[in-house]
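Just so you know, residue 1 is the first one in the sequence shown, and it goes up from there.
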Amino acid sequence: MTLLDDDGTAGGTAAAGADRMKTADTRTADTKTDDMTAGDGEGGEAGVGTWRELLGPGRLGTALVLAGGVALYAVNVYVTTSLLPTAVRDIGGERFYAWNATFFLIASVISSMLVGRTLAARGPVGAYLVAFALFTAGTVVCAVSPVMELLLVGRAVQGLGGGLLAGLGLAVIRFALPPHLWTRGAALVSAMWGIGAFAGPAIGGLFAQMGSWRLAFGALALLAVVIAFLVPRALPRGEGGGTVAAVPVTSLGLLTGAAALVSVAGVLPRGALTAVAVAGALVLVALFLVHERRASVRVLPALTFSAGSPLKWIYLTIVALAIGSTAETFIPLFGQRLGGLAPLAAGFLGAALSLGWSTAQFVSANAVRQATVRRIRVAGPAVLAAGLALTALLQREDAGGLTMVLWVVTYMVAGAGIGMAFPHLATAVMGSTQDQEEAGRATTAINTVQLIASAFGSALAGVLVNLGEPSTVRSAHYLLGGFAVIALVGCLTARAGRSRG
């Protein structure tokens, strides 16, 4: 699922992500070629249609479905982050706090790899109905969960549906819209991440503050049903068409097992068992890399392992940024416990990091000189590390108003590091080879790399927070400081990619 950010450039691991770490300007190379050869379209200059044409009679329903599916995914990420501290106080299971994001992201990774296969088997209408059904079912389970264990099941089912929705948002553009509206359609879908970053904390925080966190999930489920009702009326029927690549089952199994082991490490008693679980995860990651190098069906393009190719270093830099973005999972929790913030205010505190990277992307995207671009790719992880480290130093019990204002500033600095580097890293991936087919695979892999990194980041966040218990301040220091170190490693990989790119 290649998610576009609100600047129109292609990304949310989601990172966002996770995740939602938002992907910038990463449409596949073959899509770009189709765009350029589409010719002059009606109502558009140089083959690009108008917003009035996209959102006017006849296509409004299509636009609502494409944008609505991604909006549900994005809003759900932030709603859950905002209301989770309240839900934990109600049903318990604090030790499994980080698993909420991990279960959701792992399921999203798996389903994102099935987008093409689902489209081929069921066509746009059938694929969307499956996605909405899974998302709605998982959301209802979350709403009625009396214990954390059942909530985690709901989050996993949500993730299966959410991964499909986010991936279909771009994939179905080619089926549902004429070529001269593809760019507008992609920009509309990308804007949903910006909406999610602010609507999510507002909705989640408001319901949590009223003591009705379950109703927030209920509202999301109802919205999913409403949008699903539009699907048969708004989208074309028929098969997806084209050759669908096989699913890299072995690679995904190894990655899922590794992320699961890190998640388990977060709830084990501190000591030898935690170390064994983390070591086991590292072994599975190593096996994944060995398998990918030799496999014919893989997650990463073959170019990743070619001698002299910068692709591996670019992907590793993206991993560092994606992991750093998952710190926002715990920001509302720290805001409530250390700053005494109400759920609504704590939710918006969590959006500060997202605001920083969204704003930075607008400015950074203007850079065109290659020397400047290369410096930005290295500087981004450094700025992320600085922002996280400064925030770690500012964590204290009974934080006052000035301290919390500084938290907002430093979280925005951290987010700016992600936003300034990511568009140029995505562009570097697209330009990593002249082979258009391989470039398409490399670009598509960006989203998978983000989701995988976000899943690991969420699991690792749980480990670091649990290591700091029972002190919330110590947990914040471990999480933010540890992720700052990972971001610094991203500086090294960015430099290695620059020297070869």
Side-chain angles (χ1 to χ4, degrees), residues 2-26 190 193 197 310-328 352-390 410-432 442-443 445-447 449-454 457 483-501:
T2 305
L3 301 178
L4 291 143
D5 202 350
D6 44 74
D7 63 351
T9 63
T13 181
D19 356 63
R20 156 257 180 235
M21 177 162 181
K22 303 177 283 289
T23 309
D25 218 352
T26 58
S190 77
W193 277 104
L311 199 53
K312 64 177 74 66
W313 304 111
I314 299 171
Y315 282 148
L316 286 172
T317 307
I318 291 173
V319 166
L321 296 179
I323 289 176
S325 75
T326 60
E328 69 181 0
L353 194 142
S354 176
L355 178 62
W357 78 53
S358 296
T359 304
Q361 283 191 153
F362 282 107
V363 179
S364 176
N366 293 322
V368 293
R369 294 181 63 246
Q370 284 303 306
T372 302
V373 167
R374 290 192 181 98
R375 284 194 290 268
I376 290 174
R377 281 160 48 184
V378 176
V383 173
L384 171 61
L388 292 175
L390 288 172
T410 53
Y411 279 134
M412 288 184 66
V413 169
I418 301 170
M420 65 190 290
F422 200 85
H424 301 295
L425 291 168
T427 302
V429 171
M430 288 188 288
S432 59
T443 303
I446 292 176
N447 185 68
V449 169
Q450 285 179 245
L451 284 174
I452 292 167
S454 295
F483 279 12
V485 172
I486 292 173
L488 287 176
V489 174
C491 292
L492 300 178
T493 57
R495 285 182 64 87
R498 184 180 67 175
S499 64
R500 293 164 173 81

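Nearest heavy-atom pair, Ala487 versus Pro381, reported as atom, atom and distance to 0.1 Å: O-CB, 3.3 Å. Listed here is the closest heavy atom pair of Ile314 and Ala428: CD1-CB, 3.6 Å. Listed here is the closest heavy atom pair of His424 and Met420: CD2-O, 3.4 Å.
Annotation: side chain to side chain contact (heavy atoms under 4.5 Å, CB included) contacts of Ile486 (sequence neighbours excluded): Ala320, Ile323, Leu460, Phe483.
For the pair Val413/Leu390, no side-chain contact is recorded, criterion being any heavy-atom separation below 4.5 Å from C-beta on. Residues Met412 and Leu355 are in side-chain contact: their nearest non-hydrogen atoms beyond the backbone lie under 4.5 Å apart. Taking 4.5 Å as the limit, some side-chain heavy atom of Tyr315 sits within range of a side-chain heavy atom of Val429.
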Requested in this report: Kindly indicate, with the supporting measurements, whether the criterion side-chain contact (heavy atoms from CB on, under 4.5 Å) is fulfilled by Leu488 and Leu492.
Outcome: CA-CA 7 Å; Leu488 287 176; Leu492 300 178; over 6 Å; no

Query raised in the report: Under the side-chain contact (heavy atoms from CB on, under 4.5 Å) criterion, do Thr317 and Arg377 qualify, and how do the steps go?
Result: CA-CA 9 Å; Thr317 307; Arg377 281 160 48 184; over 6 Å; no

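Side chain of Ser364 to backbone of Ala360: no donor-acceptor contact under 3.5 angstrom is found.
Atom CZ in Arg375 sits 6.5 Å away from atom CZ in Arg369 (nearest 0.5 Å). For the atom pair CZ of Phe422 and CD1 of Ile376, the computed distance is 15.0 Å after rounding to the nearest 0.5 Å.
Among Thr493, Ile418, Val449, the one residue that satisfies the side chain to side chain contact (heavy atoms under 4.5 Å, CB included) test with Ile318 is Val449.
Between the side chains of Ser454 and Thr326, no donor-acceptor pair of N or O atoms lies under 3.5 Å.
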